[in-house]
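Side chains are part of it too, since the values below use all heavy atoms of this structure and drop only hydrogens, waters and symmetry mates. Indexing begins at 1, ligand by ligand and atom by atom, following the structure's order.
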Amino acid sequence: MELLYAAFATLSVMFMLFFVNFPYFLHDCAFLIKVLRIKSKRQRLRKRVPLYTVLECFLEDVSRHPHKPFIIFEDDVYTYLPVDCWSNKVAHTLLKHTHLREGDTAALLVGNEPNFIFLWLGLMKIGCSVSLFNTNIRSKSLMRCFMCCKTKVLIAGAEFSDAVCEVLPELRERGVSVFLLCDNCDMDGIQSLKDKMDDSDDGPVSLMLRANITMKTPAVYIYTSGTTGLPKAGIVSHDRMFGGTFYQSLLGVKHDDVIYIALPLYHAAGFIVGLNGVIERGITVVLRRKFSVSQFWNDCRKHNVTVIMYIGEILRYLCNTPKRETDRQHMVRRAIGNGLRADVWQEFQSRFGVKHIREFYAASDGNMGFMNYPEKVGAVGKQNFLYKKMFPHALIRYDTETQGPVRDSRGRCVPVPTGETGLLVCKITERTPFQGYAGNPEQTEKKKLRNVFEDGDVYLNTGDLLRTDHQGFIYFQDRVGDTFRWKGENVATTEVSDVISLLDFVEEVCVYGFQIKGHEGRVGMAALRVKEKREFDCNKAFDHVTNFLPVYARPRFIRILRSLDLTGTFKQVKTSLMKEGFDPEKVTPPIYFLQESSKSYIPLTHTHYKSIISGEVRF
Ligand SMILES: *[C@@H]1O[C@H](CO)[C@@H](O)[C@H](O)[C@H]1NC(C)=O
Ligand SMILES: *[C@@H]1O[C@H](CO)[C@@H](O)[C@H](O)[C@H]1NC(C)=O
């Protein structure tokens with residue numbers, strides 16, 4: 001290791017002369033040194049007996065600073081020691097009341113609250129893998145999540161009792177034991193867990209109970225969002241989970257920081273980078289059940305928060321609030337997350353005075369990540385000389401029509417030149433493994449791209465379109481499959497759906513692009529279901545869409561559907577809707593179109609339709 005550092009020192013002196021040409025050279029070096037340091041630390045810990053996982057890291061925190069606050073939630077503060085005790089109670093309770101043993105899987109349908117953390121740690125203590133269910137999923141998708149990873153036990157938050165009851169007969173048929181986080185439960189087939197935990201011993205749990213776990217054992221299953229079909233359970237091994245804990249360190253989080261997490265713990269960002277990172281750093285997390293625009297800064301002030309985690313929308317919502325005198329009264333000096341657009345980035349930084357914003361790029365079902373360590377506005381990461389060697393990857397040419405990579409005459413993929421958008425593919429190697437999806441070899445294989453640059457090589461198809469600039473900065477452009485082109489722009493259907501679903505009368509929405517003869521690209525349609533006893537409000541929809549979406553992304557058409565089976569095969573629903581087109585005499589009414597001159601959506605008549613088809617009306 002010393003030799004390497006010495007080599008780096010010499011190298012940096014040599015390159016000083018060229019510094020003007022390489023303005024980010026020192027950033028690159030500092031970052032690489034950190035990466036190498038972490039790498040050697042991981043290699044050391046991998047050899048430890050007994051095994052060293054995130055759990056052991058947590059237990060070290062407990063003995064190092066038992067009385068330091070670990071979780072702050074609503075008005076409660078939990079220091080490290082009591083969290084350890086609570087997780088012991090979980091372990092003892094589950095040993096006593098279930099058949100769960102080492103190697104089994106339990107599922108959590110629990111929101112952001114301390115119990116989530118107690119349960120996860122407790123399950124790790126008895127050697128179980130934990131399936132982290134998205135708390136928004138219901139019925140068919142919920143059952144599907146069970147089927148992917150042979151789950152024996154479901155533990156659900158009390159607020160999800162309806163969702164659980166809905167699938168209870170099926171769960172019982174499969175022999176799944178169901179627990180609800182409450183003190184008593186009079187529903188047949190569901191047991192209460194809170195009371196049992198309260199009564200349980202909080203003494204340490206024997207190491208023997210997890211003696212057979214290895215770094216390759218699945219630690220958690222994280223589901224990729226179900227917007228393009230049914231949810232898939234991404235396998236996160238102990239080794240990968242442990243690797244993920246170092247993101248915070250790489251993103252500049254220090255041992256005395258207080259981090260604010262309002263992102264869901266069932267996603268990789270909130271769970272691995274967020275919570276697991278907190279354990280690696282040994283710091284305090286202010287956990288929020290849900291992001292709240294109005295409470296955000298109050299929370300930060302109250303708890304002296306120094307680091308916040310975001311997704312782009314969070315910072316956009318904060319920027320959309322009226323300016324206040326107190327905007328800069330807080331101690332937040334760092335924001336880490338992803339999906340921040342350049343304009344919001346600058347506005348957020350100048351208005352709230354948050355000094356550092358660091359984007360990162362990573363996916364729960366990916367095998368590598370990027371970080372924007374020089375904090376360049378708009379970028380998700382940066383390439384550098386060594387990183388590419390350590391994590392081989394490429395941007396390759398992608399055909400949006402066939403929705404696949406372009407192959408040359410020899411059948412090889414084609415790297416795009418700097419500045420051009422390409423599909424990110426990352427080589428699958430021993431050091432950068434792809435663990436795939438539990439119980440789904442088909443989807444696992446689908447993510448793999450073979451014979452990319454030479455015979456027999458295998459790359460992971462991230463499904464993300466990125467672009468690099470001449471300095472090596474990486475910019476996120478789009479996600480394939482969920483996007484269509486309109487007016488030379490890529491429209492992300494998920495983003496449009498997210499915005500439209502904020503309308504208070506909308507129950508469900510499905511956004512897609514469809515072709516109209518004589519028009520380039522695809523025109524946007526939002527097919528939606530209106531809430532019971534509510535009506536579609538044309539003006540409100542227009543105002544909302546114009547306020548929140550760029551011109552090209554605003555759906556030109558809105559269709560009202562009576563039913564929209566989003567839990568089924570979403571893609572098929574989309575495809576059949578796409579084929580139906582927009583002829584008001586053929587599709588079930590009503591159908592509206594966006595008319596700028598009336599500042600509203602107006603009902604589409606056959607006359608309108610004809611003039612659009614004939615090309616009289618251009619968009
Ligand atoms: C570990 O595995 C061995 C052999 O596979 C088995 O005999 C033993 O019972 C396992 N230990 C535990 C704690 O399950
Ligand atoms: C926050 O910091 C201020 C000033 O340093 C200190 O007086 C206060 O007690 C801190 N609050 C908390 C909750 O730590």
Would you confirm whether His330, through its side chain, and Asp299, through its main-chain N or O, come within 3.5 Å as a donor-acceptor pair? no
Residues in contact with ligand 2, criterion: heavy atom under 4.0 Å: Lys302, Asn304
For the pair Tyr223 and Ser131, evaluate side-chain hydrogen bond (donor to acceptor under 3.5 Å, both in side chains) and give the outcome as yes or no after the intermediate values. CA-CA 8 Å; Tyr223 292 82; Ser131 214; 2.9 Å; yes
Tested for side chain to side chain contact (heavy atoms under 4.5 Å, CB included) against Lys382, the lone hit among Ile474, Asp28, Asp469 is Asp28
Say whether Thr98 and Lys152, considering side chains only, have a donor N or O and an acceptor N or O under 3.5 Å apart. no
Tell me the closest heavy-atom pair linking Phe242 and Thr53, and the distance in Å. CD1-C, 4.2 Å
What's the shortest heavy-atom distance between Lys254 and Ile283, and which atoms? O-CG2, 3.5 Å
